[in-house]
Amino acid sequence: MGIIAWILIGLFAGIIAKMLMPGKDPGGIIITILIGIAGGLLGGWLGKVIFGVDSIDGFFEISTWVAAIVGSLILLGVFRLFRRARH
C-alpha cells in the first residue's frame, strides 16, 4: 500500500476510534490522522506477533481495517491517559 492509502486508512480508523470511544479529546484532525496511522501500524504488528497473521494485506481487506481500528483505539486510550495526567 502507498502512503496515500495509509493516510486514508489512518484518517478513517482514527475517526472510527473516536466514535467508539466517546468523550472530549484534545487535538483536531491532524492528531486523529496521526493516531490512526500509528494505530494501523500497531494493530498490524500486534496481529503478527500475537496471532501470527499478516493483518495488513491491502486497502480493501477487512483485516487491515480491523487492525487499524483496534490499534487506534489502543493509542487513543493511551493518549487520553497521558493528556489527563498532564492536566
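Atom CG in Leu76 sits 11.0 Å away from atom CD1 in Ile31 (nearest 0.5 Å). The structure places CD1 of Ile15 at 12.0 Å from CG of Leu20, a figure rounded to the nearest 0.5 Å. Note that CD1 of Ile35 and CG of Leu42 are 12.0 Å apart. Values are rounded to the nearest 0.5 Å.
A donor-acceptor pair is defined here as one N or O able to donate and one able to accept, closer than 3.5 Å; such a pair exists between the side chain of Arg80 and the backbone of Met21.
Nearest approach of Ser72 to Gly36, heavy atoms of both residues: OG-CA, 3.3 Å.
Taking hydrophobic clusters as Ile, Leu, Val, Met, Phe, Trp and Tyr residues chained together by side-chain heavy-atom distances below 4.5 Å, Leu11 shares a cluster with Met19.
Side chains of Ile69 and Phe12 form no contact here, defined as non-hydrogen atoms less than 4.5 Å apart.
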